[in-house]
K.L.:
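The structure under discussion is supplied below as structure tokens; questions concerning it will follow.
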Amino acid sequence: MAGAVVSRRHEDADQFGRPGYLFNQMADMGADTESNRRTGPHEDVHRSLPYLPALDGLRGLALFAVLLFHGGFSWISGGYLPLTAFFVLSGFLITSLLLVEWHRHERIDLGGFWSRRFRRLVPASLLAVLLVGVIVAIDGGVAPPGLRGDLVAAVTWTANWRFIFSGQEYADLFGDPSPFQHFWSLAVEEQFYLFMPIAVIVGLSARRGRRWPLIAGTASLVVASTMIMRFVHSPGDAPMRAYFGTDTRAAEILVGVLLATWMIENGRLRTFGRSLGRVIDVVAMVALVLLVSTWFLVDEFDDRLYEGGILVIAVLSAAVVVSATRHGSPVGTVLQWRPLVALGTISYGVYLFHWPIFLVVDEQTGLDGAPLFLLRMGITVPLAVLSYRIVERPIRAHELPRRIGVLSWMNATVAATACVVLLSSTLLVAPEVTLRQSLTPVALPTTTTSTTTVDLPSTTPAPTTTSAPTTTVGTAEPAPEPTPTSAPSASTTTTPRPVRVLVVGDSIAQNLATGLRSVELDGSIEVHDAAVPGCPIVLTERIRLGQGTVIDFPPPCIEVLDGWIDHVDAFGPDIVVVQAGVGEVPDSTIPGEATFRAVGDPSYDLFVLGELQRRFDVLASSGATVVWTTAPCVDGTRHYAGMEPATLYQRLDRFNEIVRGDLATTRPIVIADLHRRLCPDGTFLADVEGVTAARPDGVHLSDVGAANLARRWLAPIVMKAAGR
């Protein structure tokens, strides 16, 4: 490839999706109007740059592995590792273009660079935001918890830090992930695009175009990034900080930067003699085999990855890239297979659209495995093709004015924020307003008992028991309030203060708090939500999650449990509502022991009972009545990777037996049987209290479903427990 340089069509090196040719019809894209128009130094630089289809093929191969991994195929356990190849390729391509421009003009047009980034990235990302909005609307118009924050982070290219600071990864072990979760990797790259051109300018200006300051600085940052990753990751823990961090993942992109400083010479792609070229090709073939092997052989969250393993994978990816730029190389020939090139061409749109589509098109279709994957791809790929042909490519063909290009990132944020406001006002807020306006005052029972276990059938009065000092309330519509016979008239009675309700527990407890707050409008209750998603209330030492991942009990959750007494003292609740169980079913170790146990093990059951008793003692310390809700069933086919649904159900049932039996006989709790209310036949139901698909992710309640559940079931139980 003597005299060749990196193609302008490869400049669009955002993580997934670059111009190329789309199937056979697009093989000629080198003649794009944008590429042939000279309106500034960048256009002059890129006009003659050839297209390297093998690089699109590498993207297509890596993206297909990611899609299989997200499709739930367990045999591609390392299917998240192809992201490293994308990072390396992006660093290489962007830096190559910057170096070529500097060589020809001794300057880099930042306005032009950021203008192209704006045109390339924003249109499709806004389409992805709108796609999520449409899915939410179809799903009933109620956003899952945390979606607004995820949306803002996605469109401002900060999603990776959002997921780090929100602890979302841990919470998602017990529920479906955010439809914007895949934006984390895009955020890492966009942050790179913002600062890398400036770094190149500084590095090249230091010694009048000599590259050694840039090379030395970049190599130092590679080492620093790798060391930071090793420092922030604790073996055995979930690698959220190490996996999502910009600083920890920068090494992969910077390997691509170093590759570009070596491969671009005098404004052109370096060429090699025949002997050296053969050596490079052999090394690249071995590297490609090893690279692909890691996608199948490395377990998810393998600690070795964060101790230098990811850097090794980045170096393997760089070796593949070098050979892919050589005409006629074996690696290049393999990667130029047209289906791979075609997928690589539209990879940006495929990556953006596939995740929300994969989440909504799930096992509820009655499909699984390959048929489900083909259905998902049958929706994703045509949508990406339309986006590429109708939106992305036409927009990219028109230059923004230079003075606007300098502010393109600000423009992107403004445009995205407008989209956020539109979605928030029409999809995420409006349903809640409608719901609140439609609520009617709750008819509340007036009888009370001192210690109660509650479980009413759906159509019959509550049965009373004689074997325990408890009454059961729980699944029936509240009885009509009896007409007072001796109470003062309404005109002479002062309105009693609202019942103060403290809600503690996990993300389902948070759903219950949301539902109870909808009842606050009638002035009968006041709700304080102290629930924290993803935090179990049984304090173990270590937790073994799906596929063998072991983590320490999260320190923030320890702080949550220690903080319950502060909530009790500050709020002074009349009633405390507790919800737990779904987060307590993974294998765990009792503090001081090394053996993993789970509910159903007699010694572990005794430990769980002791923990629940201690939680009760804290919550009831101010005299509040404790309403303990049983753990509901969940859709076991969609959650807890690595745990058979039957095992999950058995453990949930056993946890509820501990609550209904041992805890209820040793502590004066009111049991609200949420499991029976949501799962009357012991099986998962998506509909709740007349609301269709009110448990959209198979675990949590939608806002509408939670409100109906509170109005018809939980609020009457709370009010009865409070003696109202």
K.L.:
Is there a side-chain contact between Thr246 and Phe192, using heavy atoms and a 4.5 Å cut-off?
P.N.:
no
K.L.:
Tell me, which pairs form a side chain to side chain donor-acceptor pair (under 3.5 Å) where one or both residues lie in residues 124-135, sequence neighbours left out?
P.N.:
none
K.L.:
Quick check on side chain to side chain contact (heavy atoms under 4.5 Å, CB included): which of Val385, Leu383, Leu67 does Val350 satisfy it with?
P.N.:
Leu67
K.L.:
Which residues satisfy the ring-ring contact (aromatic ring centres under 6.0 Å, His included) test with Phe373, sequence neighbours excluded?
P.N.:
Phe73
K.L.:
Who pairs with Ala124 by side-chain contact (heavy atoms from CB on, under 4.5 Å), at least two apart in sequence or on another chain?
P.N.:
Tyr348, Leu352, Ser387, Glu392
K.L.:
Does a side-chain heavy-atom distance below 4.5 Å link Phe113 with Ile94?
P.N.:
yes
K.L.:
With rounding to the nearest 0.5 angstrom, report the NE2 to NE2 distance, His182 to His354.
P.N.:
6.5 Å
K.L.:
Flag the pair Leu259 / Trp262 as yes when at least one side-chain heavy-atom distance between them is below 4.5 Å, and no otherwise.
P.N.:
yes
K.L.:
Under the side chain to side chain contact (heavy atoms under 4.5 Å, CB included) rule, what do Val334 and Leu61 come out as? Steps first, then yes or no, please.
P.N.:
CA-CA 10 Å; Val334 170; Leu61 177 64; over 6 Å; no
K.L.:
List the atom pairs, donor and acceptor, that lie under 3.5 Å between side-chain atoms in residues 214-221 and the rest of the protein, sequence neighbours left out.
P.N.:
from, atom 1, to, atom 2, distance (Å)
Thr218, OG1, Leu214, O, 2.7
Ser220, OG, Ala216, O, 2.9

K.L.:
Would you check if the side chain of Gln191 reaches a backbone N or O of Trp157 as a donor-acceptor pair within less than 3.5 Å?
P.N.:
yes
K.L.:
For Phe69, which of Phe358, Tyr80, Phe296, Phe64 qualifies under ring-ring contact (aromatic ring centres under 6.0 Å, His included)?
P.N.:
Tyr80
K.L.:
For Val255 versus Ala318, what's the shortest heavy-atom pair and its separation?
P.N.:
CG1-CB, 4.0 Å
K.L.:
With sequence neighbours left out, write down each residue that passes side-chain contact (heavy atoms from CB on, under 4.5 Å) with Ser293, or none if nothing qualifies.
P.N.:
Val289, Leu297
K.L.:
Measure the shortest side-chain to side-chain distance between Ser317 and Leu89 over non-hydrogen atoms and say whether it is less than 4.5 angstrom.
P.N.:
no
K.L.:
In Å and rounded to the nearest 0.5 Å, what is the CD1 to CZ distance from Ile395 to Arg120?
P.N.:
10.5 Å
K.L.:
Under the rule for side-chain hydrogen bond (donor to acceptor under 3.5 Å, both in side chains), what residues qualify as partners of Thr158, not counting sequence neighbours?
P.N.:
Thr156
K.L.:
May I have all residue pairs that pass salt bridge (Lys or Arg N to Asp or Glu O under 4.0 Å) and include part of residues 250-262, sequence neighbours excluded?
P.N.:
Arg249-Glu252
K.L.:
Less than 4.5 Å apart, side chain to side chain, heavy atoms only: is that true for Leu367 and Val361?
P.N.:
no
K.L.:
Please tell me if the side chains of Leu58 and Phe86 come closer than 4.5 Å, counting only heavy atoms from C-beta onward.
P.N.:
no
K.L.:
Main chain of Ala260, side chain of Ser96: is a donor-acceptor contact present, judged purely on distance under 3.5 Å?
P.N.:
no
K.L.:
Does a side-chain heavy-atom distance below 4.5 Å link Arg338 with Pro53?
P.N.:
no
K.L.:
Can you list the residues that meet the ring-ring contact (aromatic ring centres under 6.0 Å, His included) rule with Trp295, with sequence neighbours excluded?
P.N.:
none
K.L.:
Which atom pair, heavy atoms only, marks the closest approach of Leu305 to Met229?
P.N.:
O-SD, 4.0 Å
K.L.:
Measure the CZ-CZ distance between Phe244 and Phe163 for me, rounded to the nearest 0.5 Å.
P.N.:
6.5 Å
K.L.:
Going through the checks in order, is the side chain to side chain contact (heavy atoms under 4.5 Å, CB included) test met by Arg211 and Leu99?
P.N.:
CA-CA 10 Å; Arg211 297 186 186 179; Leu99 292 175; 4.0 Å; yes
K.L.:
State, to 0.1 Å, how close Thr325 and Val322 come at their nearest heavy-atom pair, and which atoms those are.
P.N.:
OG1-O, 2.6 Å
K.L.:
Using a 4.5 Å cut-off on heavy atoms from C-beta on, say whether the side chain of Val279 contacts that of Phe272.
P.N.:
no
K.L.:
Could I get the full list of side-chain contact (heavy atoms from CB on, under 4.5 Å) partners for Ser225, not counting sequence neighbours?
P.N.:
Ala250, Ala251
K.L.:
Output the distance between atom CG (Asp56) and atom OG (Ser347), rounded to the nearest 0.5 Å.
P.N.:
7.0 Å
K.L.:
For Pro356 and Val132, work out which heavy atoms get closest and say how close.
P.N.:
CB-CG2, 4.0 Å
K.L.:
In Å and rounded to the nearest 0.5 Å, what is the CD1 to OG1 distance from Ile310 to Thr294?
P.N.:
10.5 Å
K.L.:
Using the ring-ring contact (aromatic ring centres under 6.0 Å, His included) criterion, which residues pair with Phe195? Sequence neighbours excluded.
P.N.:
none
K.L.:
Return the CZ to CD distance between Arg270 and Glu265, rounded to the nearest 0.5 Å.
P.N.:
4.0 Å
K.L.:
Taking the six-membered ring for Trp, is the centroid-to-centroid distance between Tyr243 and Trp184 below 6.0 Å?
P.N.:
yes
K.L.:
List the steps, then state whether side chain to side chain contact (heavy atoms under 4.5 Å, CB included) holds for Gln181 with Asp150.
P.N.:
CA-CA 8 Å; Gln181 187 163 325; Asp150 295 347; over 6 Å; no
K.L.:
List the steps, then state whether side chain to side chain contact (heavy atoms under 4.5 Å, CB included) holds for Tyr351 with Leu63.
P.N.:
CA-CA 8 Å; Tyr351 183 74; Leu63 176 59; 4.2 Å; yes
K.L.:
Check the surroundings of atom CZ in Phe231: do more than 12 heavy atoms from other residues, nucleotides or ligands lie under 6.0 Å from it?
P.N.:
no
K.L.:
Check each of Leu254, Thr226, Val223 against Leu311 using the side chain to side chain contact (heavy atoms under 4.5 Å, CB included) test, and report the only one that passes.
P.N.:
Thr226
K.L.:
With distance as the sole test, does Thr261 use its side chain to make a donor-acceptor pair with the main-chain N or O of Leu258 at under 3.5 Å?
P.N.:
yes
K.L.:
I need the minimum non-hydrogen distance between Thr95 and Gly91, along with the two atoms involved.
P.N.:
OG1-O, 2.7 Å
K.L.:
Could you go through the salt bridge (Lys or Arg N to Asp or Glu O under 4.0 Å) check for Arg116 and Asp109 one step at a time?
P.N.:
CA-CA 11 Å; Arg116 285 190 302 278; Asp109 181 3; over 6 Å; no
K.L.:
Grab the two heavy atoms, one from Pro82 and one from Ala62, that are nearest each other, plus how far apart they are.
P.N.:
CB-O, 3.4 Å
K.L.:
With sequence neighbours left out, what residues match Leu374 under side-chain contact (heavy atoms from CB on, under 4.5 Å)?
P.N.:
none
K.L.:
Among residues two or more places apart or on two chains, list those pairs meeting salt bridge (Lys or Arg N to Asp or Glu O under 4.0 Å) that have a residue in residues 273-294.
P.N.:
Asp281-Arg326
